[in-house]
Peer 1: 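Below you will find the structure I want to go over with you.
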Amino acid sequence: MSTREVVTRFAPSPTGHLHIGGVRTALFCWAWAKKNQGRFLLRVEDTDQARSSESSTRGILKDLAWLGIDWDEGPELADDEGVVLGGDPRSVGPFFQAKRLEIYTQHLNELIEKDCAYPAFDTAEELAELRSAAEAKKETFRYHRAEDYDRDDAIARMNAGESCVVRLRAPAQEIVVNDCVLGEVRFGAGELDDFVIRKADGYPTYHFAVVVDDELMGVTHVLRGQEHLMNTPRHQALQKVLGFGTPSYAHMPLIFNADGSKMSKRDKDKAARKACKAAGLKDSPVACIDDAEFTRWMGDKRSQLASDQLSWLGREMGVELPEIDVEDFRASGYVPEALCNYVALLGWNPGMKCEDGTDLERFSMAFLAEHFSLERIGKSNAKFDRAKLLSFNAHTLQTMEAGAFVSCWKDYLSLYQPEMLTRFDDSQFELLASMTQPRCKTLRDALEPISFVIAGDDEIVFDDKAVRKVLLKGEPSGLSFLAEIEPVLRAVEPFQADEIEEAIKAFCEAREIGMGKVAQPLRVAMTGLGVSPPLGQTLEILGQQAVLSRIDRCAAAHAT
RNA sequence: GGCCCCGUCGUCUAGCCAGGUUAGGACACCAGGUUUUCAUCCUGGUAACACGAGUUCGAAUCUCGUCGGGGUCACCA
């Protein structure tokens, strides 16, 4: 074994948001570096001038930081605690490929000189023609340099500034990829064609940039999705002619939707479009989409709206769009611990048992950093199971320390519902947190079990079924108990959960009735429903005055 | 279509490499129980080795074939 330091990298292209597949790749790269006390670096693959954007880069960095996937080298970003992630301690940057053009050019010229690469002048139309001709003959199109290619002439034309691409002369031998997950994968001689390594705009293609950067940045392990498997022989061919080493490769299984379709932002368009169709909308219901654009989008199933337009639309239509990107999951109230834990289980598992004999599935980032292994990465594709993720999220939330839950919830609210933070003081907030923490599955749902607190006393809507069952049925009726309990509650002092519970319990014992006889009518009076957090807390958070007023209002509304 | 990868409960998977398990777990689902309601929690249950050959005393595990699913075939990454 070489003693060389392990270096992994996550290399997103900044053309959109960080999605689930990217999370898993980043997480595994991170974990493998940690496991080996190596480095995890981040590199931005922005060689597609048209599609790359700075805001998308920022978004991806922010998402990774939120997830707890911190990088040792790469673009700098200050996290929530003010710790700066990234940097360039080994001087292997810059980490934006668009800033590395001279480096690529240097290696590229070398290849041209050795006649391992050559300029080509075909137009897009000519190439399309060749492709369709090959297809008509039921053959695979592979570009190869023409027999009568005039190298000197071509180089002269290139130097004269004529627009051209540079292609690699594909090796004729078989290429064997030794993959840590898949084993030996053989690609027959002649499978490769002369692929483009520099585009007409002067930027390297992905293949060329990746190979050069991985070498120069000392990357030892490339973990990526299986969709890249067919790229690997190209990369190895390039490494060979450039005189570079070949890193270890590990191609991970892919992640799909439950129905087997690709997880894509299109799913959001699809859900939103469906809702708009169901509502029979002709014009745009939101200001950020004009009617012409809306009509076009509705009519073209393949068209897509921008992310923020979609979220406005979703809110307006009252539909939940499927979460695709990290920020969707964050907005839906998922916490990074749960998300990372669940995603890590897609295509990997620790192969360990808990003390009770069940398989170990719930673990922290620290655990992953300690136990992650390449040989336990699976080979078969996985379907993303939202129900299981939700269960992980609920479990994480419910097992948090009370204080941790409060600060986590506050962070969430400050981002998505800041008005809630000013509405309650700290002690009220803590009480609310203790009421909702055991019953919420996501941070977004956290207001649900306590919505009766937010509603005004006279805004409580009584559920017919609950009223009939709890208030009207039985002899004596719930309504009569409500009347009897009012003076008891009026006398409770201080008006706090324990004291309230105590007083009600004493009342029930004196009357020789079960708690439910009084608790349920009170619940209906307070919330309109037969469901609420424990009664003491429910009454305490409302305060004595509101409790009495809600009892009165309930009694008045259902007096016969 | 060419090339490549994969195939264990509905889903994620353990077991496979070094053949012998009542094929285990988690989520979901169903049925009970605990709780003043809800949530939690507890107990139990339904449910899988894609198919066919071969090797073997014995195959989820090894071999071959069939079928099925997926990836990829750009001046995108």
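A note on names: the letters A, B, ... follow the listed sequences, proteins ahead of strands, and every chain is numbered from 1. Small disclaimer: the values here were computed from a predicted structure and weren't measured. Side-chain atoms are counted along with the backbone in the values below, which use heavy atoms only and exclude waters and symmetry mates.
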Peer 1: Need one value for A:Glu361: base, sugar-phosphate or nothing, where a base atom within 4.0 Å counts as base even if backbone is also close, heavy atoms only.
Peer 2: base
Peer 1: Going by side chain to side chain contact (heavy atoms under 4.5 Å, CB included), name the residues that satisfy it together with A:Ser52, two or more places apart in sequence or in a different chain.
Peer 2: A:Pro14, A:Thr15, A:Asp46, A:Asp48
Peer 1: Could you let me know what B:rA77 is paired to, Watson-Crick or G-U wobble, both distances under 3.5 Å, or none if it's on its own?
Peer 2: none
Peer 1: Side-chain N or O of A:Arg131 versus OP1/OP2 of B:rA74: is the shortest distance under 4.0 Å?
Peer 2: yes
Peer 1: Once you round it to whole Å, what is the distance between P of B:rC73 and OH of A:Tyr143?
Peer 2: 19 Å
Peer 1: Among residues at least two apart in sequence or on other chains, which ones pass side chain to side chain contact (heavy atoms under 4.5 Å, CB included) with A:Glu215?
Peer 2: A:Phe244
Peer 1: Just by distance, do the side chain of A:Asn257 and the backbone of A:Lys262 share a donor-acceptor pair under 3.5 Å?
Peer 2: yes
Peer 1: Determine, using ring centers only, whether A:Phe329 and A:His19 are less than 6.0 Å apart.
Peer 2: no
Peer 1: Suppose you measure atom C1' in B:rA50 against the same atom in B:rG69; what distance do you get, rounded to whole Å?
Peer 2: 11 Å
Peer 1: Suppose you measure atom C1' in B:rG20 against the same atom in B:rU61; what distance do you get, rounded to whole Å?
Peer 2: 11 Å
Peer 1: What integer number of Å spans the P atoms of B:rG65 and B:rG70?
Peer 2: 22 Å
Peer 1: If I take atom CZ in residue A:Phe208 and atom C1' in nucleotide B:rA77, what distance separates them, rounded to the nearest angstrom?
Peer 2: 16 Å
Peer 1: Measure the distance from CG on A:Leu345 to C1' on B:rA14 and round it to the nearest whole Å.
Peer 2: 11 Å
Peer 1: Take atom CE of A:Met352 and atom P of B:rG25, then tell me their distance rounded to the nearest Å.
Peer 2: 20 Å
Peer 1: Indicate yes or no: does A:Lys137 engage A:Glu135 in a salt bridge with an N to O separation below 4.0 Å.
Peer 2: no
Peer 1: Could you check, using the six-membered ring where one of them is a Trp, whether A:His228 and A:His251 have ring centers closer than 6.0 angstrom?
Peer 2: no
Peer 1: Among B:rC6, B:rC12, B:rG25, which nucleotide sits nearest the side chain of A:Asp359?
Peer 2: B:rG25
Peer 1: Hey, are A:Arg100 and A:Asp213 close enough for a salt bridge, meaning a charged N less than 4.0 Å from a carboxylate O?
Peer 2: yes
Peer 1: If you take atom types as modelled and just measure distance, does the side chain of A:Lys388 reach the base of B:rA28 with a donor-acceptor pair under 3.5 Å?
Peer 2: no
Peer 1: Is there a Watson-Crick or G-U wobble partner for B:rA50 with both distances under 3.5 Å, and which nucleotide is it?
Peer 2: B:rU66
Peer 1: Using the P atom as the reference point in each nucleotide, state the distance between B:rG19 and B:rU66 in Å, no decimals.
Peer 2: 27 Å
Peer 1: How would you label the contact of A:Glu135 with the nucleic acid (heavy atoms, under 4.0 Å): base, sugar-phosphate, or nothing?
Peer 2: nothing
Peer 1: Can you name the residues that form a side chain to side chain contact (heavy atoms under 4.5 Å, CB included) with A:Thr538, not counting sequence neighbours?
Peer 2: A:Met435, A:Phe452, A:Met526, A:Ser532, A:Pro533
Peer 1: Mind checking the C1' distance from B:rC4 to B:rU11? Whole angstroms is fine.
Peer 2: 26 Å
Peer 1: Is A:Arg142 paired with A:Glu191 through a side-chain N to carboxylate O contact shorter than 4.0 Å?
Peer 2: yes
Peer 1: Rounding to the closest angstrom, what is the interatomic distance between B:rA28 and B:rA47 at atom C1'?
Peer 2: 11 Å
Peer 1: Of A:Val185 and A:Phe121, whose closest RNA chain B nucleotide lies nearer the 5' terminus?
Peer 2: A:Val185
Peer 1: Can we call the ring centroids of A:Phe256 and A:Phe384 under 6.0 Å apart?
Peer 2: no
Peer 1: Of the nucleotides B:rA14, B:rA28, B:rC76, which has the atom closest to the A:Arg51 side chain?
Peer 2: B:rC76
Peer 1: Expressed in angstrom and rounded to an integer, what is the separation of A:Met252 atom CE from B:rU13 atom C1'?
Peer 2: 18 Å
Peer 1: Do A:His144 and A:Tyr149 have side-chain N/O donor and acceptor atoms under 3.5 Å apart?
Peer 2: no
Peer 1: At 4.0 Å (heavy atoms only), tell me whether A:Asp122 reaches a base, stays on the sugar-phosphate, or touches nothing.
Peer 2: base
Peer 1: Nearest nucleotide by nearest heavy atom, which residue falls closer to the 5' end of RNA chain B, A:Gln520 or A:Phe187?
Peer 2: A:Phe187
Peer 1: Do any side-chain nitrogens or oxygens of A:Arg186 fall under 4.0 Å of OP1 or OP2 in B:rC5?
Peer 2: no
Peer 1: By the 4.0 Å heavy-atom rule, please label A:Gly357 as base, sugar-phosphate, or nothing.
Peer 2: nothing
Peer 1: Would you say A:Val165 and A:Arg198 make side-chain contact, with heavy atoms under 4.5 Å?
Peer 2: no
Peer 1: Between B:rA14 and B:rC3, how many Å separate the two P atoms, rounded to a whole number?
Peer 2: 30 Å
Peer 1: Grab the N/O contacts between the protein and nucleotides 62-71 of chain B below 3.5 Å, and write none if there aren't any.
Peer 2:
unit_1 : atom_1 : unit_2   : atom_2 : d
B:rG70 : O2'    : A:Asn381 : ND2    : 3.0

Peer 1: Looking at every strand, decide which applies to A:Arg234 at a 4.0 Å heavy-atom threshold: base, sugar-phosphate, or nothing.
Peer 2: nothing
Peer 1: With both distances kept under 3.5 Å, what pairs with B:rU61, Watson-Crick or G-U wobble?
Peer 2: none
Peer 1: Could you identify which residues of residues 193-206 of chain A place a heavy atom less than 4.0 Å from some atom of RNA chain B, listed by residue number, or say none?
Peer 2: A:Val196, A:Lys199, A:Ala200, A:Thr205, A:Tyr206
Peer 1: Could you check whether A:Phe10 and A:Trp71 have their ring centres less than 6.0 Å apart?
Peer 2: no
Peer 1: Send over the distance from A:Asp46 CG to B:rC76 P, rounded to a whole Å.
Peer 2: 14 Å
Peer 1: Quick one: do the A:Asp359 and A:Asn349 side chains pair a donor with an acceptor below 3.5 Å?
Peer 2: no
Peer 1: Restricting both atoms to N or O, compile the protein contacts to nucleotides 38-46 of chain B shorter than 3.5 Å, with distance only.
Peer 2:
unit_1 : atom_1 : unit_2   : atom_2 : d
B:rC38 : O2     : A:Arg439 : NE     : 2.6
B:rC38 : O2     : A:Arg439 : NH2    : 3.4
B:rC38 : N3     : A:Arg439 : NH2    : 2.7
B:rA39 : O2'    : A:Pro438 : O      : 2.9

Peer 1: Nearest to the side chain of A:Asp385, which nucleotide is it out of B:rC6, B:rU11, B:rU37?
Peer 2: B:rU11
Peer 1: Could you check whether A:Thr47 gets within reach of a base, just the sugar-phosphate, or nothing at all, counting any heavy atom under 4.0 Å?
Peer 2: sugar-phosphate
Peer 1: Could you tell me how far apart A:Phe392 (CZ) and B:rA28 (P) are, to the nearest whole angstrom?
Peer 2: 10 Å
Peer 1: Between B:rC57 and B:rC67, how many Å separate the two P atoms, rounded to a whole number?
Peer 2: 31 Å
Peer 1: Paired with B:rC29: which nucleotide, if any, by Watson-Crick or G-U wobble criteria at under 3.5 Å for both distances?
Peer 2: B:rG45
Peer 1: Can you tell whether the side chains of A:Glu448 and A:Lys441 come within less than 4.0 Å, N to carboxylate O?
Peer 2: no
Peer 1: Could you state the CZ-P distance from A:Phe10 to B:rA77, rounded to the nearest angstrom?
Peer 2: 16 Å
Peer 1: Would you please confirm or rule out a distance under 4.0 Å between OP1 or OP2 of B:rC75 and any side-chain N or O of A:Arg167?
Peer 2: yes
